[in-house]
There are 2 protein chains.
Amino acid sequence: MLQTAENRARRKNDPQGTRTNILDTAFELFQTRGYNGTSMQEIVAAAGVTAGAVHHHFATKKALGLEVIRQKVAASVEETWLQPLRSADSAPAAISAIIEGLARDMDARGSVRGCPLNNLTLELSFADPDFREELRHIFDDWRATLAKRLLEEAGRGISDAKDLAATVVATYSGAMALAKVEQSGEPLRIGARQLAILLRSR
Amino acid sequence: MLQTAENRARRKNDPQGTRTNILDTAFELFQTRGYNGTSMQEIVAAAGVTAGAVHHHFATKKALGLEVIRQKVAASVEETWLQPLRSADSAPAAISAIIEGLARDMDARGSVRGCPLNNLTLELSFADPDFREELRHIFDDWRATLAKRLLEEAGRGISDAKDLAATVVATYSGAMALAKVEQSGEPLRIGARQLAILLRSR
DNA sequence: ATAAACAAACAGGTTGTCCTGTTTGTCAAT
DNA sequence: ATTGACAAACAGGACAACCTGTTTGTTTAT
């Protein structure tokens with residue numbers, strides 16, 4: 001039975017705010033419990049909205065997941081990697097600074113939830129081609145931005161720059177996996193040091 | 001209503017075989033759909049056993065997952081990494097051969113499901129400490145075996161060997177993530193080449 | 001007036017787990 | 001050598017909780 005007008009809760013009527021709230025909450029829960037480990041009910045409860053509101057903005061859980069990747073995950077990589085990279089004087093110095101900054105954040109926070117992009121990639125990119133496509137775009141942008149900055153350095157060809165860019169992404173991603181399983185920032189610091197050596201040697 | 005004795009199926013009574021069958025099937029499904037993406041019913045159906053049989057050998061899904069990690073995932077790392085490493089003349093040569101062999105397998109197969117250890121680590125190691133503990137042991141063995149072999153090389157200290165071991169694991173793990181999202185063995189080949197350069201430079 | 005933005009309740013399928021009953025091997029007593 | 005007792009190894013559902021998605025109705029902005 002539906003409720004009467006008397007005791008029905010008032011609507012917020014803040015479409016942009018509600019939508020952003022749902023996206024932010026889903027991103028946080030996916031990051032802590034994973035996509036398949038998070039239920040719609042948990043998202044509804046944590047966001048403090050109703051199931052109807054979620055359904056109005058996102059028809060299915062998959063549609064919500066894809067939007068989280070397109071907006072939140074992409075923005076996260078943009079903020080932590082691409083912007084610092086573009087505004088830095090030296091690419092190798094920026095890479096070291098980014099990774100060591102993350103290691104410091106993790107140790108201060110006391111817990112490591114890992115890289116959102118890698119988390120969702122390993123969970124979903126084989127099982128679902130739609131997710132894979134969205135995730136792949138973000139990786140490609142990341143590698144392209146890195147390669148572009150590494151190409152500016154003296155005495156480096158395009159092929160070397162691309163290979164080094166892929167290696168930076170790989171070593172960072174794997175170090176983050178180690179950091180997650182050890183719950184420590186140390187693997188990231190090791191990775192940063194070894195990447196610095198590799199970037200100096202070429 | 002329970003079934004009568006007449007038309008009831010005969011028991012297999014092959015405890016070891018049934019148990020191994022369930023473990024193998026669960027490992028395969030976890031590898032393709034993830035832990036939370038796989039239901040008990042799917043495991044039951046794919047293994048061709050009954051729910052009762054699964055419950056007899058593994059009380060809960062989590063208990064089954066932990067056994068898959070302890071036996072199947074650990075054995076997979078042992079087979080592809082530790083044994084080749086121990087029996088090789090040169091550690092750097094073995095590392096290159098292992099990674100490039102995997103890249104060849106993937107291209108021949110036409111699909112990349114990723115590293116079972118990393119897949120489960122990113123999905124579960126933050127959300128559940130019991131899973132994390134089991135996964136961490138495997139990573140630690142992996143790094144220790146690598147460090148031991150890298151230490152044998154001339155002019156290398158224990159600290160450098162440990163750092164390089166962590167970097168080999170990290171770069172491989174991250175390259176496998178790239179391979180998964182690109183569905184190609186190429187990122188692994190790039191990682192192998194760059195690791196060879198790094199191992200030569202020190 | 002119309003349509004977007006929600007609130008509330010609900011439908012129907014799926015989930016992990018458990019329970020009861022039957023079959024088979026084992027081992028000791030006869 | 002046969003039998004009886006007992007425990008392990010399943011078969012076949014049963015079940016409540018939970019899952020995603022929808023529907024219906026009310027509120028607000030334009």
Side-chain angles (χ1 to χ4, degrees), chain A residues 1-26 29-30 33-68 123-124 127-128 130-131, chain B residues 1-26 29-30 33-68 123-124 127-128 130-131:
Chain A
M1 208 228 303
L2 286 173
Q3 215 155 342
T4 68
E6 262 77 355
N7 42 1
R8 173 183 270 255
R10 251 229 300 291
R11 295 192 9 215
K12 282 184 188 164
N13 204 54
D14 177 17
Q16 184 108 356
T18 300
R19 192 189 148 91
T20 305
N21 177 22
I22 295 168
L23 279 174
D24 291 353
T25 306
L29 285 174
F30 292 166
R33 311 223 236 228
Y35 175 81
N36 283 312
T38 304
S39 76
M40 282 295 201
Q41 301 189 111
E42 288 174 314
I43 296 171
V44 163
V49 297
T50 64
V54 172
H55 184 256
H56 174 73
H57 289 282
F58 310 96
T60 65
K61 184 184 181 182
K62 179 171 173 176
L64 172 57
L66 288 171
E67 273 303 296
V68 165
E123 185 181 359
L124 302 171
D128 192 308
D130 297 325
F131 280 107
Chain B
M1 209 227 302
L2 287 172
Q3 215 156 342
T4 70
E6 261 79 352
N7 41 2
R8 173 184 270 256
R10 186 97 53 77
R11 263 185 48 200
K12 280 183 186 162
N13 204 50
D14 177 18
Q16 183 117 351
T18 300
R19 191 189 147 91
T20 304
N21 177 23
I22 295 169
L23 279 174
D24 290 353
T25 306
L29 286 174
F30 290 167
R33 321 239 261 225
Y35 175 81
N36 283 311
T38 304
S39 75
M40 283 292 187
Q41 297 184 29
E42 287 175 315
I43 295 171
V44 163
V49 298
T50 63
V54 173
H55 185 256
H56 174 73
H57 289 283
F58 309 96
T60 66
K61 184 183 181 185
K62 178 171 173 176
L64 171 58
L66 288 171
E67 272 303 295
V68 165
E123 185 181 358
L124 303 171
D128 192 309
D130 297 325
F131 279 106

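In the text below, chain A, chain B and the rest are named by the order of the sequence lines, each starting its count at 1.
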Minimum-distance nucleotide (side-chain atoms of B:H56 versus C:dC6, D:dA9, D:dG21): D:dA9

Out of D:dT22, C:dT14, D:dT20, which nucleotide sits closest to the side chain of B:Q41? C:dT14

Starting from C1' on D:dC15, measure out to NE2 on B:H55 and report it in whole angstrom. 13 Å

Check B:K61 against B:N36 and note the closest heavy-atom contact, atom names and distance. NZ-CA, 4.1 Å

Minimum-distance nucleotide (side-chain atoms of A:S39 versus D:dC10, C:dA8, D:dT20): D:dT20

Taking only the side-chain nitrogens and oxygens of A:T18, find out if one of them lies under 4.0 Å from OP1 or OP2 of C:dA5. no

Separation of D:dA9 atom P from B:F58 atom CZ, nearest Å, is 12 Å

Side-chain donor or acceptor of B:E123 paired with backbone N/O of B:Y35 under 3.5 Å: yes

Take atom CG of A:N36 and atom C1' of C:dT14, then tell me their distance rounded to the nearest Å. 14 Å

Could you check how far CG of B:N21 sits from P of D:dA9, rounded to whole Å? 15 Å

Would you mind telling me which of D:dA11, D:dT20, C:dC6 lies closest to the side-chain atoms of A:K61? D:dT20

Let me know, please, whether A:E42 or A:A59 comes out on the 5' side of the other along DNA chain D by nearest nucleotide. A:E42

Mind listing the closest non-hydrogen atom pair of B:T60 and B:M40 along with its distance? C-CE, 3.8 Å

Would you mind telling me which of D:dC10, D:dG21, C:dC6 lies closest to the side-chain atoms of A:M40? D:dG21

Give the minimum heavy-atom separation between A:T25 and A:N21, together with the two atoms involved. OG1-O, 2.7 Å

Checking contacts here: which listed nucleotide (D:dG21, C:dC6, D:dA11) is nearest the side-chain heavy atoms of A:H57? C:dC6

Would you indicate which nucleotide in D:dG21, C:dC18, D:dC10 comes nearest to any side-chain atom of A:T60? D:dG21

